[in-house]
Peer 1: 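Pasting in a structure now, in structure tokens, and then I'll have a few things to ask.
Heavy atoms only: backbone and side chains are in, while hydrogens, waters and symmetry mates are out. Letters go in sequence order (proteins before strands), and every chain restarts at 1.
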Amino acid sequence: MSRYNFQDIEKKWQKYWEDNKSFKTVINKKKKKFYCLEMFPYPSGKIHMGHVRNYTIGDVLARYKGLLGFNVLHPMGWDAFGMPAENAARDNNLDPKVWTNTNINTMKNQLKKLGLSIDWDREISTCSEEYYKHQQTFFLELLEKKLVYRKENYVNWDPVDQTVLANEQVIDGKGWRSGAVVERKKLNQWFFNISKFSQELLDGLDKLDKWPNKVKTMQKNWIGKSFGCEIEFKVKGDLPVDNIKCFTTRPDTLFGFSFLAVSVDHPISNYFKDNKEFLKFKEECSKTGTTEEAIAVGDKIGFKTNLEAINPLDTSQKVPVYFANFVLMDYGFGAVFGCPGHDQRDFDFAKKYKLQIKTVVRPYDKDENFKVSNEAYAGPGIIINSKFLNGYEAPTNSVIETIKVLEEKNLGKKKINFRLKDWGVSRQRYWGCPIPVAYDDKGQVHAIPKSMLPVKLPEKINLKVKGNPLDSQKNWKEVIIDGKKLIRETDTLDTFVCSSWYYLRFCSPNENNHGFKKEDIDYWMPVDQYIGGVEHAILHLLYSRFFMRAINYENNNFNITEPFQSLFTQGMVCHETYKDEKNNWLSPDEIEKIDNQFFVKGKLDKPVKVGPSESMSKSKKNVIDPEFIIKNYGADSVRLFILSDSPPEKDVQWSEQGMISSYKFIQKLWSLHKEIKIKISNENKEKQNNEIDKFTNQIISKITINLEKFNYNVIIANMYESYNFLIDFIKKNKNLNNLEENYKKILVCFSPVIPHFANECLVDLGFKENIDWPKYDKKLLDEEKVNIVIQINGKKREIIQIKKDANEKEILTIIKNNDKIQNFIKNKDVVKKVFVPNKILNYIIK
RNA sequence: GGGGCGAUGGCGGAAUUGGUAGACGCGUUGGUCUUAGGAACCAAUAUGGCAACAUGUGAAGGUUCGAGUCCUUUUCGCCCUACCA
């Protein structure tokens, strides 16, 4: 029998889809739309297994929705600006544009080989002028709306990448890409006023009921709303400072006040610019770093000033003012009031500097003599030792009451504080979207007129200069606007700006005058299903949510605020890791397994250390190249395998064995197909066997439900079940007249996962009509006969088969003749019988 | 420190949401056929036991006729986040 030739067949179908533009979509108001979007890739060179998994999941959904009759928008594009291109170009004397476009071509071909149902006519690339000119327009619009502004600010400076990073891009004090320890630098930067929408972005989360809670929680924490009040502490001492403002969530512990601490970057530090001791202290603080360990073990250290702060609720109390390493300038006002009794950090600090520790809250189970001793008490309780606050429940009523009193006396006011900071978007790099502004000799900002957009990146430039290559482009920098000579902004936009609106562009990819057309957005948006990695839980997803609000702000472009209605975050693809004796990483094809032992390939004297399975990464060499796999096993086999072993939201372990078995399954399906075809073509069809009707109905129902629930691994099991049933069925039966229609329905169910194979088989059977997703009949799902479990005291003892909806009496008649059950109940008192129709009959005996 | 998720055979994982635990695949074992097989096919496969049967979803308790599923306590593992005032 001829083997299934996946090379030819997959090529044939891919060509067919391309030639016929099978996945081209246009607005059709008679049909319900479905916008299926996977996070677009960065064109790094080749696709990796993570892409294969991501896009297979999306493709299964897109194809399924298409078969259901939806008008499916399933586009693909390229997140094409960014540093890897610039670095690669610099190191190899290339043009970043050429490098990027070469990669795009390679990866596009690879994606096509996966058989994805993409509308390639909508392909976009963020580094193209057609894309970024609209982005520049948005920037200017936001500038007009005052949602973009420029300020001098401390920034996170990545010394390796020579650029500024957003707060979100600093992980453990290191650059998210380079891993270099981030430095602090003061620079003029452009900011998006994302914090203006803090509350809205928080509230919006509640409506996203089809987002994973995990992601919503992460965003919630990132936005970090806290309720409290700001208090102005009067200060006295040798400096011209009258007061210091603090934010606190626990004003109710004010009577436990024993010091005031400010950040080393607090404005009052200006008075210590020449103080050597202070500078030494500041240096010390920066050394402590922000790594996990440093924070956990990190000592609380302080630098005492000669200032004294006065307790607003008890003006007779004066406490020292310190600079302290644990106070951050960019949260609240960069100053905290210390209450050692009820805050662990303050407690540690007070111990170290021998400051007073007052107890002002007692736990419910302790009396008024309760004293904080070994650690701070931060739990709930009753206020004590606090004059008018005594007896209030803390931290609920007590906080409200304190704020009321402070407001009455004009000493403070209620405040809601957010942790979310404005989004710094300036990057000192070449390969990004130019910021469309220029400056006059006084440093005033001038928007580039819209008629002069896009501000194009200069070509053929020297990337080897230190710092931003655009800075050294004299000709490019100079621009004349309204007869005035101005100097262009040389910073480019963070690439996260590009990905904040690409989903809108997909709706109108060829619209020349605007980023998108209202008509298109009204039809296609929001994205019905967004699929991607959880690593974008905060950055990209929060920025996109902000961007929708920003372009709607003040001129309601459309009434959609949330871009992604439903979000699915898929797990990573993992593989075992290998190291040789010298601890060098080895790739899977450099090793060989003999009798359960691993060796360097061809070298039995060189054992290999097998490490844990980790997500595939080039640095650990535990990667499998999708191109190689597709070439050897075919796209359908890879799609099948990548879905089969784990639920899509969890990590999956790559296994050569599993890959091979998926390949074999396709081969087995092919020989099954050949056999079925022979049976079908046999002319002497007589009878009907409704066993297959029932099975088909059941499996359609299972696969449909599992598709809806993203249980894609179970769908693969359902496919195996179908195979097992059919192979068994055709062995037992000869010429049936209902085999063909049932088999075709099953093939349609297979088609989202293995589209080339399923289409080939359907056409092989002469299928010409439009393919629709098969319907199932709920009534047919119920068997005429059901299994009833007979339990004795809740334990399964026997299973009997009986017609559906049989009543208790009918079952008892059968049991009467069942020796096993009779043995159990004879000579026993049957205390009770629990009967659940079509399920169980439980005897409770004594 | 804070938050979240999870724990089911040798392994990956199913389980209609309180009603036959272990679907499906991998692996393993035995067999058939083959020059051979790392191919194909057939059979077995939670554990103990010849068997009837007993035990069994991290551990302990509880609710219930009945618990992988609900409640309480607890252990372990993973992920995120962090001097956030």
Side-chain angles (χ1 to χ4, degrees), chain A residues 1 171-172 212-218 220-222 224-226 228 231 246-251 253 261 263 288 290-292 294-296 298-300 324-328 330-339 343-346 348-349 378 417-419 534-535 537-538 571 613 640-641 644-647 649-653 655-662 664-665 667-668 671 701-702 705-706 711 713-724 727 781 787-799 820 823 831-836 838-845:
Chain A
M1 189 178 313
I171 297 150
D172 284 348
N213 285 330
K214 187 180 161 187
V215 174
K216 287 194 278 186
T217 310
M218 283 167 79
K220 214 177 212 166
N221 292 340
W222 189 263
K225 182 181 181 177
S226 49
I231 302 174
C246 294
F247 171 76
T248 177
T249 55
R250 292 299 301 272
T253 60
S263 157
T288 332
T290 45
T291 62
E292 270 178 59
I295 292 162
D299 255 352
K300 308 283 177 278
N325 65 337
F326 62 89
V327 183
L328 308 171
D330 49 8
Y331 188 81
F333 299 101
V336 299
F337 94 79
C339 175
D343 181 292
Q344 193 55 41
R345 276 171 327 183
D346 298 349
D348 295 343
F349 191 80
N417 198 54
F418 290 97
R419 185 176 164 270
V534 73
E535 65 271 20
I538 296 168
S613 185
L640 192 65
F641 171 68
S644 68
D645 268 13
S646 297
E649 70 276 13
K650 290 221 280 180
D651 288 354
V652 66
Q653 163 91 34
S655 120
E656 182 76 12
Q657 213 42 256
M659 184 57 242
I660 291 170
S661 84
S662 293
K664 286 182 189 167
F665 181 53
Q667 294 295 343
K668 289 197 314 191
S671 40
S701 120
K702 280 191 191 173
I705 291 166
N706 285 325
N711 292 337
N713 56 325
V714 188
I715 289 174
I716 310 304
N718 296 147
M719 289 169 68
Y720 276 100
E721 273 177 66
S722 306
Y723 170 82
N724 292 343
I727 197 92
L781 284 180
N787 289 331
I788 305 274
V789 176
I790 310 299
Q791 299 182 335
I792 308 288
N793 289 342
K795 258 191 182 158
K796 179 182 81 176
R797 291 300 171 185
E798 188 68 303
I799 299 168
K820 197 169 167 185
N823 273 334
V831 184
K832 192 177 169 185
K833 274 184 273 190
V834 180
F835 175 63
V836 183
N838 299 321
K839 284 203 171 131
I840 58 146
L841 177 66
N842 189 5
Y843 281 89
I844 316 304
I845 59 169

Peer 1: For rA21(B), take OP1 and OP2 only and decide whether either is under 4.0 Å from a side-chain N or O of Lys796(A).
Peer 2: yes
Peer 1: For rA52(B), give its Watson-Crick or G-U wobble partner with both distances under 3.5 Å, or none.
Peer 2: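 Its partner: none found.
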Peer 1: Just the rounded figure in Å: distance from P of rC11(B) to NZ of Lys650(A).
Peer 2: 14 Å
Peer 1: Tell me whether the side-chain N/O atoms of Arg797(A) come closer than 4.0 Å to OP1 or OP2 in rC53(B).
Peer 2: no
Peer 1: Tell me what Leu328(A) touches on the nucleic acid: a base, only sugar-phosphate, or nothing, going by heavy atoms under 4.0 Å.
Peer 2: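 Touches a base.
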Peer 1: Look at the side-chain N and O atoms of Tyr720(A) and state whether any lies under 4.0 Å from the OP1 or OP2 oxygen of rG25(B).
Peer 2: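 Tyr720(A) to rG25(B) OP1/OP2: no side-chain N or O under 4.0 Å.
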Peer 1: Within this structure, what is the CD1-to-C1' distance between Ile790(A) and rC65(B), rounded to whole angstrom?
Peer 2: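 Ile790(A) atom CD1 is separated from rC65(B) atom C1' by 14 Å.
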Peer 1: Suppose we call a contact any N or O donor and acceptor under 3.5 Å apart; does that hold for the side chain of Lys214(A) and the base of rC79(B)?
Peer 2: no
Peer 1: Is there a donor and acceptor pair, one atom on the side chain of Asn221(A) and one on the base of rU81(B), closer than 3.5 Å?
Peer 2: no
Peer 1: Under 4.0 Å between a side-chain N/O of Ser646(A) and OP1 or OP2 of rG13(B), yes or no?
Peer 2: yes
Peer 1: Rounded off to whole Å, could you give me the CZ-to-P distance for the Phe835(A) and rG66(B) pair?
Peer 2: 19 Å
Peer 1: Can you tell me which nucleotide in rA14(B), rG3(B), rA82(B) comes closest to the side chain of Pro647(A)?
Peer 2: rA14(B)
Peer 1: In whole angstrom, give the distance that lies between atom CD1 of Ile840(A) and atom P of rG18(B).
Peer 2: 14 Å
Peer 1: Write down the distance separating the C1' atoms in rC33(B) and rU17(B), rounded off to the nearest Å.
Peer 2: 47 Å
Peer 1: Could you tell me which nucleotide pairs with rA43(B) by Watson-Crick or G-U wobble geometry, both distances under 3.5 Å, or answer none if nothing does?
Peer 2: rU29(B)
Peer 1: Between atom CZ in Phe665(A) and atom P in rA39(B), what is the gap in whole Å?
Peer 2: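 Computing the Phe665(A):CZ to rA39(B):P distance gives 18 Å.
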Peer 1: What's Val327(A) touching, base or sugar-phosphate or nothing? Going by heavy atoms closer than 4.0 Å.
Peer 2: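 Result for Val327(A) = base.
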Peer 1: Considering just the side-chain nitrogens and oxygens of Gln657(A), establish if one lies under 4.0 Å of OP1 or OP2 belonging to rG27(B).
Peer 2: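 Checking Gln657(A) against rG27(B): at least one side-chain N or O falls below 4.0 Å of OP1 or OP2.
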Peer 1: Looking at NZ of Lys668(A) and OG of Ser661(A), how far apart are the two atoms once the value is rounded to the nearest 0.5 Å?
Peer 2: 8.5 Å
Peer 1: Do the side-chain N or O atoms of Lys832(A) get closer than 4.0 angstrom to the phosphate oxygens (OP1, OP2) of rC65(B)?
Peer 2: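 The answer is yes; a side-chain N or O of Lys832(A) sits under 4.0 Å from OP1 or OP2.
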Peer 1: Tell me: CD of Gln653(A) to C1' of rC11(B), nearest whole Å?
Peer 2: 10 Å
Peer 1: Looking only at atom P, what distance separates rC11(B) and rU47(B), rounded to whole Å?
Peer 2: 11 Å
Peer 1: Name the closest nucleotide to the Arg345(A) side chain, picking from rC84(B), rG3(B), rA14(B).
Peer 2: rC84(B)
Peer 1: Let me know the distance between CD1 of Ile845(A) and C1' of rG66(B), rounded to the nearest Å.
Peer 2: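 In whole Å, rG66(B) C1' lies 15 Å from Ile845(A) CD1.
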Peer 1: Looking only at atom P, what distance separates rG4(B) and rU73(B), rounded to whole Å?
Peer 2: 14 Å
Peer 1: Between Lys795(A) and rU55(B), is there a side-chain N or O to OP1/OP2 distance below 4.0 Å?
Peer 2: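 For Lys795(A), the contact criterion (side-chain N or O under 4.0 Å from OP1 or OP2 of rU55(B)) is met.
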Peer 1: List the steps, then state whether side-chain hydrogen bond (donor to acceptor under 3.5 Å, both in side chains) holds for Asp645(A) with Asn713(A).
Peer 2: CA-CA 6 Å; Asp645(A) 268 13; Asn713(A) 56 325; over 6 Å; no
Peer 1: Just to confirm, is there a sub-4.0 Å distance from OP1 or OP2 of rU81(B) to any side-chain nitrogen or oxygen of Arg419(A)?
Peer 2: no
Peer 1: With respect to the phosphate group of rA14(B), does any side-chain polar atom (N or O) of Asn713(A) fall under 4.0 Å of OP1 or OP2?
Peer 2: yes
Peer 1: Go ahead and name the base partner of rA15(B); Watson-Crick or wobble counts if both distances stay under 3.5 Å, otherwise write none.
Peer 2: none
Peer 1: Write down the distance separating the P atoms in rA23(B) and rG1(B), rounded off to the nearest Å.
Peer 2: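 Nearest-Å result for rA23(B) against rG1(B) at atom P: 42 Å.
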Peer 1: Touch check for Thr248(A), heavy atoms < 4.0 angstrom, all strands: base, sugar-phosphate only, or nothing?
Peer 2: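 Touches sugar-phosphate only.
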Peer 1: So, is rG37(B) syn or anti if syn means the angle is within 90° of 0?
Peer 2: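 In terms of base orientation relative to the sugar, rG37(B) is anti.
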Peer 1: Any idea which of rC24(B), rA39(B), rA85(B) is nearest the Phe247(A) side chain?
Peer 2: rA85(B)
Peer 1: Below 4.0 angstrom from OP1 or OP2 of rG25(B), is there any side-chain N or O of Asn724(A)?
Peer 2: yes
Peer 1: Find the distance between NZ (Lys795(A)) and CD1 (Ile792(A)) and round it off to the nearest 0.5 Å.
Peer 2: 11.5 Å
Peer 1: Between C1' on rU17(B) and CG on Asn711(A), what's the gap in Å once rounded to a whole number?
Peer 2: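 So the CG-C1' distance, Asn711(A) to rU17(B), works out to 13 Å.
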Peer 1: Could you work out which one of rC83(B), rG19(B), rG25(B) sits closest to the side chain of Ser661(A)?
Peer 2: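 Of the candidates, rG25(B) comes closest.
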Peer 1: Quick check on rG3(B): is either OP1 or OP2 less than 4.0 Å from any side-chain nitrogen or oxygen of Lys220(A)?
Peer 2: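 No, Lys220(A) has no side-chain N/O under 4.0 Å of OP1/OP2 on rG3(B).
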Peer 1: Under 4.0 Å between a side-chain N/O of Lys833(A) and OP1 or OP2 of rC65(B), yes or no?
Peer 2: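 For rC65(B), OP1/OP2 do not have a side-chain N/O of Lys833(A) under 4.0 Å.
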Peer 1: Using purine N1 to pyrimidine N3 plus N6-O4 or O6-N4 for Watson-Crick, or N1-O2 and O6-N3 for G-U wobble, both under 3.5 Å, which nucleotide pairs with rG6(B)?
Peer 2: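 WC or wobble partner is rC76(B).
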